[in-house]
There are 2 protein chains.
Amino acid sequence: MFTTLAHVSIAVPDLDEAIAQLQQRYGLAAGPVQENVQQGVRMAYVELANARIELMSPTSASSPIARFLERNPRGGIHHLSLGTPEVVATADRLAADGAQVLGDPRTQRNVHGEPIAFLHPRDFLGALVEIEPDGRHD
Amino acid sequence: MFTTLAHVSIAVPDLDEAIAQLQQRYGLAAGPVQENVQQGVRMAYVELANARIELMSPTSASSPIARFLERNPRGGIHHLSLGTPEVVATADRLAADGAQVLGDPRTQRNVHGEPIAFLHPRDFLGALVEIEPDGRHD
């Protein structure tokens, strides 16, 4: 079902400032800033050898990320993302098993245009989990 | 400096129950339960193809993990861990640059006996970051 730890996502109040901090303090270079209009976030990725750190900031005060930042003003770890060979089938199976799947992967997309879904934290030990293609079965 | 996303760590109130849930719901198999006396936790790892999910529960009510669980009773993402070729040199350099390094990697050990340190969340976008050997430069 899940094959990889695809990324860890950190919500930040100021994306450009976060990118600058990671570069200056740790030499971690983020890729280009992109916007996911559907998810209401601006984002960038730091590519490590085996996985990515996602940085995101909200584009609207009503987004879930904005509400997370109200509780965590300086930012914090928002979710982890697990890779799977087949997002739609995995989400359907988990929903059929009684898990609360957030968003329909037939229409919900990441910034790369790939299908994604989320698992409610109550179904994964209190952790919000994104489900994305693992890129290993193209 | 940092080369890999080594693991994501989830603090849970009941380690055995957490292991059983991941196995039953997602087919994710955890390795053996181990105890890190120094860190005051029982823990187990789920090995994915590229990285690990760490599960941990406190062995004492005074541990930082116990305090995290008071704020997050059902559990939650506690930290991420970044791999580096040289933990001691990296921690020393970051401390010299003004970062708040938590614990001395000359004496602080993970359950594998490897040197580790932590970066205070204020130094990494609100995220608690463990620093561990990346295992790529033995």
Side-chain angles (χ1 to χ4, degrees), chain A residues 1-15 17-19 21-22 24-28 46-53 55 57 68-69 72-84 90 93-94 97-99 119 121-129 131 134-136, chain B residues 1-15 17-19 21-22 24-28 46-53 55 57 68-69 72-84 90 93-94 97-99 119 121-129 131 134-136:
Chain A
M1 180 180 286
F2 297 125
T3 52
T4 59
L5 176 59
H7 68 256
V8 173
S9 184
I10 301 176
V12 297
D14 183 323
L15 183 62
E17 171 64 19
I19 290 169
Q21 279 188 26
L22 291 191
Q24 289 162 13
R25 295 183 180 178
Y26 309 109
L28 292 171
V46 174
E47 299 272 355
L48 297 168
N50 64 329
R52 296 180 293 183
I53 300 171
L55 306 175
S57 61
F68 177 88
L69 289 169
N72 305 275
R74 68 184 170 194
I77 304 173
H78 183 265
H79 66 268
L80 61 95
S81 184
L82 299 179
T84 180
T90 296
R93 176 176 155 196
L94 292 172
D97 285 348
L119 275 173
R122 77 168 62 91
D123 288 314
F124 206 99
L125 313 176
L128 178 63
V129 173
I131 306 171
D134 65 8
R136 297 155 50 91
Chain B
M1 179 180 288
F2 297 125
T3 52
T4 58
L5 175 60
H7 68 256
V8 173
S9 184
I10 301 177
V12 298
D14 183 325
L15 184 61
E17 171 65 19
I19 290 169
Q21 279 188 26
L22 291 191
Q24 290 162 11
R25 295 183 180 177
Y26 308 110
L28 292 171
V46 173
E47 298 274 354
L48 296 169
N50 63 328
R52 295 181 294 184
I53 300 172
L55 306 176
S57 61
F68 176 87
L69 288 170
N72 305 275
R74 67 182 170 195
I77 304 174
H78 183 266
H79 67 266
L80 61 97
S81 184
L82 298 179
T84 179
T90 297
R93 177 176 156 197
L94 291 172
D97 285 348
L119 275 174
R122 78 168 62 92
D123 288 314
F124 206 99
L125 313 177
L128 178 63
V129 174
I131 306 172
D134 65 8
R136 296 155 49 91

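As the structure is a computational prediction, the values presented were derived from the model and not from experiment. All chains are named by letter (A, B, ...) in the order of the sequence lines, taking the proteins before the strands, and each is independently numbered beginning at 1.
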message: Please classify the contact of A/V8 with chain B as side chain, backbone, both or neither, using a heavy-atom distance under 4.5 Å.
response: both
task: Apply the test side chain to side chain contact (heavy atoms under 4.5 Å, CB included) to residues A/L80 and B/I10: give CA-CA distance (whole Å), side-chain angles for both, the deciding distance (0.1 Å), then the verdict.
output: CA-CA 10 Å; A/L80 61 95; B/I10 301 177; 4.1 Å; yes
Largest heavy-atom contact set with chain A, pairs under 4.5 Å, which of B/D123, B/L55, B/T90, B/L128: B/D123
statement: Greatest number of non-hydrogen atom pairs under 4.5 angstrom with chain B, of A/I53, A/L22, A/D97, A/V46, falls to A/L22
message: Test your reading of the model: is there a side-chain donor-acceptor pair from B/N50 to the backbone of A/A51, 3.5 Å cut-off?
response: no
task: Please look at A/R122 and chain B and tell me whether the side chain, the backbone, both or neither of the residue comes under 4.5 angstrom of a heavy atom of that chain.
output: both
Side chain / backbone / both / neither for B/L119 at chain A, heavy atoms under 4.5 Å: side chain
- line: On a heavy-atom basis, the closest approach of B/P121 and A/R74 is CB-NH2, 3.8 Å
task: Could you give me the CA-CA distance, side-chain angles and deciding distance for A/L48 and B/L82, then say whether side chain to side chain contact (heavy atoms under 4.5 Å, CB included) is met?
output: CA-CA 9 Å; A/L48 297 168; B/L82 298 179; 3.9 Å; yes
query: Taking the side chain as C-beta and beyond, is there a heavy-atom pair between A/Q21 and B/L125 under 4.5 Å?
result: yes
message: Looking only at heavy atoms and a cut-off of under 4.5 Å, which of A/R25, A/H7, A/R93 has the most pairs with chain B?
response: A/R25
message: Before you tell me yes or no, could you show the steps for A/Y26 and B/V129 under side chain to side chain contact (heavy atoms under 4.5 Å, CB included), namely the whole-Å CA-CA distance, both residues' side-chain angles and the distance that decides it to 0.1 Å?
response: CA-CA 12 Å; A/Y26 309 109; B/V129 174; over 6 Å; no
